[in-house]
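Contents: one structure, followed by commentary.
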Amino acid sequence: NFLLVCAMDPTGNFRRLNDLVPPNNGNVINWEDMRVWQSGDQVTLGVTAVIPVGESHMPCPALVKVGFKNDNLEVLGRPKVFQSLPGKNVVPLEDGFMCRFDGHSHALYRFDRRGEFLNKIDFTKFNKITWLTKKMGTTARPIELGGGRKILLIHGIQGHAIGIDGKLKDDIYSLGIAILDKNWQVLAVDPEPILNRSHFLDNLPPEFDRDPHKEVVYLCDYEKNGDIVTLPVNVGDRVTVLTHVLFSQLLDR
């Protein structure tokens with residue numbers, strides 16, 4: 001229910017700053033799955049806000065503006081929670097946000113900053129691709145390619161399959177890429193993922209994963225510096241691994 005914040009010093013070492021705790025916002029009982037949008041000095045987090053509904057609960061998109069104050073990251077103003085939209089995997093965009101509706105397996109939905117519907121990003125015809133047969137979700141803001149086309153980093157989930165430890169798993173996550181056109185329609189999905197749990201065995205052996213029934217890899221953002229794209233990959237719901245891929249290789253795929 002809080003964001004652990006670390007800053008890298010000039011020597012490459014990390015220093016932990018104060019935790020970021022969103023303010024009490026009405027009936028929100030939990031804040032989850034933060035994703036990042038940055039434009040200049042303005043940083044917006046896309047957050048899944050969990051609210052109670054009767055005897056159960058529901059995830060809703062939320063946008064939280066943050067900035068640095070006294071060398072620590074702080075929330076600026078009040079978070080904006082869209083309680084009429086049951087969604088998660090919230091990625092803030094320059095003109096709004098996108099998310100996946102709770103219970104929808106292969107579609108994303110884009111909204112403006114007021115929460116007004118803009119368009120559906122339909123992945124249905126790609127649901128036979130092995131690494132996202134169960135469902136998919138968005139992980140980070142698009143990478144612009146020019147002419148309106150963009151690379152969208154996504155995670156896919158394969159259900160009830162044998163994992164890297166030889167055991168049956170409920171959910172096996174992978175990271176991969178899709179290409180969208182200027183109208184946010186899906187042109188293609190890479191049939192092979194770019195990263196999965198097997199890439200991180202040296203960082204975290206499978207027996208230390210938080211949930212033994214899952215193989216988890218996902219991310220919340222990227223940083224592109226020339227041909228190097230740095231991905232902060234969460235592995236096993238335990239550790240975050242800064243992972244580097246070549247942008248030229250993504251284009252080749």
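Here the structure is a predicted model, which means the values were calculated and not measured.
- Listed here is the closest heavy atom pair of N89 and G137: OD1-CA, 3.2 Å.
- The closest donor-acceptor contact from the side chain of R100 to the backbone of M136 lies under 3.5 Å.
- No chain of hydrophobic side-chain contacts below 4.5 Å, direct or via other Ile, Leu, Val, Met, Phe, Trp or Tyr residues, connects F117 to W184.
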Between side-chain atoms of residues 203-212 and protein atoms elsewhere (two or more places apart, or another chain), which donor-acceptor pairs fall under 3.5 Å?
from	atom 1	to	atom 2	distance (Å)
D209	OD1	R197	NE	3.3
D209	OD1	R197	NH2	2.7
D209	OD2	R197	NE	3.2
D211	OD1	H213	N	2.9

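- How far CD1 of I172 is from OG1 of T133: 9.5 Å, rounded to the nearest 0.5 Å.
- Taking all atoms of both residues into account, the shortest heavy-atom contact from P59 to T48 is CB-CG2, 3.5 Å.
- Shown here is D9, whose CG atom has more than 12 heavy atoms of other residues, nucleotides or ligands within 6.0 Å.
- K150 contributes a side-chain N or O that, together with a main-chain N or O of G148, makes up a donor-acceptor pair within less than 3.5 Å.
- Residues I151 and I179 have side chains in contact (heavy-atom distance under 4.5 Å, counting atoms from C-beta outward).
- Residues L152 and M98 form a side-chain contact, since some pair of their non-hydrogen atoms from C-beta on lies under 4.5 Å apart.
- Of the candidates K224, E223, H244, H244 is the only one forming a side-chain hydrogen bond (donor to acceptor under 3.5 Å, both in side chains) with T230.
- Salt bridge annotation for K214-D237: absent, with no cationic side-chain nitrogen under 4.0 angstrom from a carboxylate oxygen.
- Ion pairing between R16 and D19 holds under the 4.0 Å rule for side-chain N and carboxylate O.
- The shortest heavy-atom contact between Y173 and N196 is O-CB, 4.1 Å.
- Minimum heavy-atom separation, V64 to P79: CG2-CB, 3.7 Å.
- Proximity of a side-chain donor or acceptor of S248 to a complementary backbone N or O of L246 within less than 3.5 Å is not detected.
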When the side chains of residues 122-129 are checked against the rest of the protein, which donor-acceptor pairs come out under 3.5 Å, sequence neighbours left out?
from	atom 1	to	atom 2	distance (Å)
D122	OD1	T124	N	2.9
D122	OD1	T124	OG1	2.5
N127	ND2	T124	O	3.2

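- Residues N72 and V5 fail the side-chain proximity criterion, which asks for heavy atoms closer than 4.5 Å.
- At distances below 3.5 Å, at least one donor-acceptor pair connects side-chain atoms of T139 with backbone N or O atoms of L153.
- Here the side chains of L20 and V66 are in contact, with some heavy-atom distance below 4.5 Å.
- Side-chain rings of F82 and F97 approach one another, their centers coming within less than 6.0 Å.
- Cation-pi geometry between R141 and Y222 is met: the NZ or CZ atom falls under 6.0 Å from the ring centre, inside 45° of the normal.
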> Are D227 and Q249 close enough, and set up right, to give a side-chain hydrogen bond (donor to acceptor under 3.5 Å, both in side chains), and what steps lead you there?
Replying inline: CA-CA 9 Å; D227 195 38; Q249 291 182 347; over 6 Å; no
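- In this structure, a donor-acceptor pair under 3.5 Å is absent between the side chains of N18 and E74.
- Clustering ILVMFWY residues whenever any of their side-chain heavy atoms sit less than 4.5 angstrom apart, transitively, puts V189 in a cluster other than the one holding I194.
- Remark: the backbone N or O of E192 is paired with a side-chain donor or acceptor of D190 at under 3.5 angstrom.
- Here the closest heavy-atom approach between residue L175 and residue V217 is recorded as CD2-O, 4.0 Å.
- H104 places no side-chain N or O within donor-acceptor distance of the main-chain N or O of F101, the cut-off being under 3.5 Å.
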> Step by step, would you call L85 with Y109 a side-chain contact (heavy atoms from CB on, under 4.5 Å)?
Replying inline: CA-CA 10 Å; L85 302 174; Y109 297 85; over 6 Å; no
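- Side chain of R253 to main chain of P193: a donor-acceptor pair is present (N/O by atom type, distance under 3.5 Å, no hydrogens or angles).
- Distance alone, capped at 3.5 Å, is enough to place a donor-acceptor pair between the E215 side chain and the I164 backbone.
- Judged by distance alone, with hydrogens and angles left aside, the side-chain atoms of K80 form a donor-acceptor pair with the main-chain N or O of R113 at under 3.5 Å.
- When hydrophobic clusters are built by joining Ile, Leu, Val, Met, Phe, Trp and Tyr residues whose side-chain heavy atoms come closer than 4.5 Å, directly or via intermediates, L3 is not grouped with V233.
- The side-chain heavy atoms of P142 and L93, taken from C-beta on, include a pair separated by under 4.5 Å.
- N225 places no side-chain N or O within 3.5 Å of a backbone atom of I228 that could act as its donor or acceptor partner.
- For D95, the CG atom counts as densely surrounded, since its 6.0 Å shell holds more than 12 non-hydrogen atoms of other residues, nucleotides or ligands.
- Here the closest heavy-atom approach between residue V75 and residue V21 is recorded as CG2-O, 4.3 Å.
- A side-chain N or O of E32 and one of N30 form a donor-acceptor pair less than 3.5 Å apart.
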